[in-house]
Amino acid sequence: MMYKIPRGTFDILPADSVKWQYVKDIFRKVAASFGYSEITTPIFEMAELFERSSGENSDVVQKEMYRFSDQKGRNFALRPEGTAPVVRSYVENHMDKSGARSKLFYMGPMFRYDRPQAGRYRQFYQYGIELIGSNHPYFDAEVIAIEMNFLKALGLKELRLEINSVGCANCAKDYDEALREYYRPHLNDLCPDCQKRYQQKPRRLLDCKVPSCKVFRKAAPSQLDYLDEDCRLHFAEVLKYLDTMGIAYKVNPAIVRGLDYYTNTAFEVIVDALGAQNSIAGGGRYNALIAEIGGKDTPAIGFAGGFERLLLALEKEGVTLPETVRPKVYAVAIGEEARRAILPILQTLREAGFYAEYNPEKTSFKAQMKAADTSGADYAIILGEDELAQGKLILKNLRDSVQISLDPAEVLHNLSQ
RNA sequence: GUGGGUGUAGUUCAACGGCAGAGCACCGGAUUGUGGUUCCGGGCGUUGUGGGUUCGAAUCCCAUCACCCACCCCA
C-alpha cells in the first residue's frame with residue numbers, strides 16, 4: 001500500500017458516520033435544551049494563544065502542539081483544545097463588553113502530538129460547553145448537568161462524576177506551598193517524575209501511580225483545607241445545586257486539571273471500563289483566563305468531552321447506536337422494458353423522501369430478490385412482464401412476505417401509511 | 001518521550017523452518033417469475049514494509065512502520 005493514514009488519526013467510514021452523526025445530534029439537542037448556541041472557530045490559531053492560556057510549561061504547549069509557520073513566517077498551531085479559541089473569539093468580537101452572558105457550545109477536531117493508545121489520538125474530536133460571564137455557582141452545576149444529561153440521553157450508565165475545587169490563584173499558591181512543605185523531607189524518596197512535579201506542579205504529586213510515592217498521599221494536605229472563605233462557599237454552593245438537581249458526584253481532592261487556566265471548580269467524568277484513558281470529559285471554572293488573554297476580567301466555566309472515548313464507552317456498555325440507513329423499497333424489475341419502466345416510479349418515491357434502491361447490474365429475479373433481502377429493505381416493488389402488461393406492480397412486504405398487486409400510482413399512498 | 005506485546009484473504013483466526021489453510025462475509029448456481037433456512041461451486045493473499053541467516057523463511061535475526069497495553073499525559 002502506497003499511502004497510509006498519518007499515525008494517530010483515523011477515518012470515520014460510512015458505517016460509523018451514522019453513529020457519530022447521531023451522537024452529535026443528541027449533544028446539539030441537549031445543549032439547546034439549556035439555551036446554548038454553537039460557535040465554530042478555526043482549527044488553527046496563533047501559537048501564542050495557547051502558550052499564553054494553557055501555560056508555557058504545560059505538556060500540551062511544551063511537547064504536544066503541532067506548530068507550523070505560514071508563507072509569511074507567522075507562527076501558528078493546530079488547536080490542542082477548544083476553550084482558548086472560543087475565549088479569543090469572545091474577546092475579539094467584543095462579547096465581553098456587552099455585559100450579557102454567553103452560553104456557547106462547540107465541536108470539532110483537536111490536535112495533540114502524543115503517543116497513540118486506545119482512546120488517545122493525535123487528531124481527536126471534542127465537544128464542549130463554555131459559559132462566559134458569570135461566577136454564580138448555579139452555572140457550575142448547570143454546565144455539569146449538560147454533560148450528565150447528554151450521557152444519560154445516550155444511555156451511558158457506568159460512569160462517575162468526580163469533582164473538586166482548586167480555589168482561586170491565592171488558594172492554589174497557598175496549597176502548593178503547603179504541599180511542598182509536606183513533601184520536602186521525602187524529596188529523595190520520590191520517583192524522578194515526582195521530583196519534577198515538586199518543582200513545576202506540586203498537585204500532580206497526588207496522583208502518581210508509583211507505590212513508593214503513593215504512600216505519602218494519605219497524610220498529604222488537602223486542597224479543600226486551603227480554600228479561602230469565598231472559594232469554600234462557592235464550592236459548597238455548587239455541590240448543593242448538584243444535589244438539588246439530582247446529580248450524583250464524588251468529591252475527589254486529587255482532581256487536577258492539566259491546563260493552567262483553571263480556578264475553583266474542577267470536574268471529570270470517568271468511565272472505568274476504558275482502561276488507562278478513562279476520562280471521557282473534564283472541565284472547570286476559568287475565571288482568570290479572559291483577562292489573561294486581553295479581555296475584560298470575566299468569570300467563566302466550561303468543559304470538553306471526547307467523542308472517541310464516548311463511543312468506546314457506549315460500545316463497551318452494549319448501547320446500540322443507529323446503523324447504516326436501510327432502503328424503504330428495493331426495486332426488482334425483470335426484462336428490458338420493465339427495467340426502464342421502474343425508474344419513473346422510483347423517482348416519485350425518492351421525491352417523496354423515501355430511500356428507494358435499485359441495482360441495474362443484477363438481472364435475474366432471484367439475484368434481485370436476494371439483494372433486496374440483504375439490503376434490509378422493508379419492501380420490494382416487483383415489476384415483471386405480467387405486471388407490465390396489466391399496468392400493475394407488486395408491493396411485497398419483506399418482513400411478513402405479504403404481497404399485493406396495485407397500480408403504480410398507489411404505491412406512494414401505501415408506503416405513506 | 002520510556003518499556004512490553006502483536007501484525008497471515010474483506011474479516012476472525014490456523015499453519016510456527018519444507019507446496020499458505022479454515023469459519024464468517026462476499027459472488028454465482030440448485031430447469032422457464034419470488035429473499036431469509038439448506039446444498040453445490042468460486043481464494044496467487046507483495047504472510048505490514050525493507051534487509052539478513054538458510055538448500056529452503058509466514059515461521060529465525062535486524063531495522064522500520066502501524067496497532068494494542070502500561071508509563072507519561074489527557075478528551
Side-chain angles (χ1 to χ4, degrees), chain A residues 1-10 13 15 54 58-64 79-83 107-128 147 191-194 196-197 201 204 207-210 213 255-259 267-271 274-283 302-313 330 332-335 338 359 361-389 393-403:
Chain A
M1 205 172 293
M2 209 163 195
Y3 295 110
K4 290 210 277 191
I5 194 166
R7 181 161 203 213
T9 68
F10 56 92
L13 300 174
S54 301
S58 64
D59 278 31
V60 166
V61 168
Q62 287 210 321
K63 49 186 196 194
E64 295 172 9
R79 62 181 185 194
E81 60 103 19
T83 300
M107 37 216 243
M110 305 294 162
F111 306 83
R112 286 183 205 171
Y113 186 88
D114 203 345
R115 183 111 169 219
Q117 195 174 321
R120 189 167 79 185
Y121 304 91
R122 289 183 173 177
Q123 174 170 343
F124 57 103
Y125 295 80
Q126 284 190 333
Y127 56 93
E147 170 69 356
C191 70
D193 282 332
C194 279
K196 239 186 323 179
R197 292 183 178 114
K201 242 175 231 179
R204 286 268 176 228
D207 52 19
C208 183
K209 285 159 192 161
V210 176
C213 296
I255 292 279
V256 181
R257 304 273 76 233
L259 308 175
F267 67 94
E268 215 163 303
V269 179
I270 293 161
V271 175
L274 290 182
Q277 309 302 323
N278 62 359
S279 168
I280 68 168
F303 76 84
F307 280 117
E308 296 81 9
R309 291 181 190 178
L310 177 55
L311 257 3
L312 269 172
Y330 196 102
V332 175
I334 306 102
N359 181 359
E361 291 181 321
K362 296 199 187 295
T363 52
S364 83
F365 201 145
K366 194 179 201 69
Q368 291 187 69
M369 282 306 292
K370 213 170 208 167
D373 186 59
T374 51
S375 78
D378 293 329
Y379 296 91
I381 51 174
I382 303 168
L383 184 63
E385 280 150 27
D386 296 352
E387 290 75 27
L388 211 51
L393 51 74
I394 292 167
L395 180 66
K396 177 165 186 169
N397 183 323
L398 292 173
R399 302 275 173 273
D400 58 18
S401 297
V402 174
Q403 63 180 52

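From a predicted model like this one, the values you see are computed outputs, not experimental measurements. Letters A, B, ... mirror the listed sequences (proteins, then strands); counts begin at 1.
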Short side-chain N/O contact to B:G35 OP1/OP2 from A:Lys366, under 4.0 Å: yes

Go through the structure and list residues passing ring-ring contact (aromatic ring centres under 6.0 Å, His included) with A:Tyr113, not counting sequence neighbours. A:Tyr66

Please convert RNA chain B into dot-bracket. A pair counts if it is Watson-Crick or G-U wobble with both distances under 3.5 Å; crossing pairs go in [ ] and bases paired with another strand get |. (((((((..((((....[..)))).(((((.......))))).....(((((..]....))))))))))))....

Take atom CZ of A:Phe124 and atom C1' of B:C73, then tell me their distance rounded to the nearest Å. 11 Å

Classify the nucleic acid contact of A:Glu81 as base, sugar-phosphate or nothing, counting any heavy atom under 4.0 Å across all strands shown. nothing

Which part of the nucleic acid does A:Ile5 contact within heavy-atom distance under 4.0 Å: base, sugar-phosphate only, or nothing? nothing

For B:A66, does OP1 or OP2 lie under 4.0 Å from any side-chain N or O of A:Arg115? no

A:Tyr121 near the nucleic acid: base, sugar-phosphate alone, or nothing, with a heavy-atom cut-off under 4.0 Å? base

In whole angstrom, what separates A:Gln117's CD from B:G5's P? 17 Å

Assign A:Ile280 to base, sugar-phosphate, or nothing according to its heavy-atom contacts below 4.0 angstrom with the strands shown. sugar-phosphate

Output all residues satisfying ring-ring contact (aromatic ring centres under 6.0 Å, His included) with A:Phe307, sequence neighbours left out; order by chain, then residue number. A:Trp20, A:Tyr127

Could you work out the separation of B:G43 and B:G23 based on their P atoms and round it to a whole Å? 13 Å

Please work out if A:Gly384 contacts a base, only the sugar-phosphate, or nothing of the nucleic acid, heavy-atom cut-off 4.0 Å. base

Would you indicate which nucleotide in B:A66, B:G1, B:A30 comes nearest to any side-chain atom of A:Asp114? B:G1

Taking the side chain of A:Ala118 as its heavy atoms from C-beta onward, which of B:A70, B:A66, B:C68 lies nearest to it? B:C68

On the side chain of A:Gln368, is there an atom forming a donor-acceptor pair with the base of B:G33 - under 3.5 Å, no angle test? no

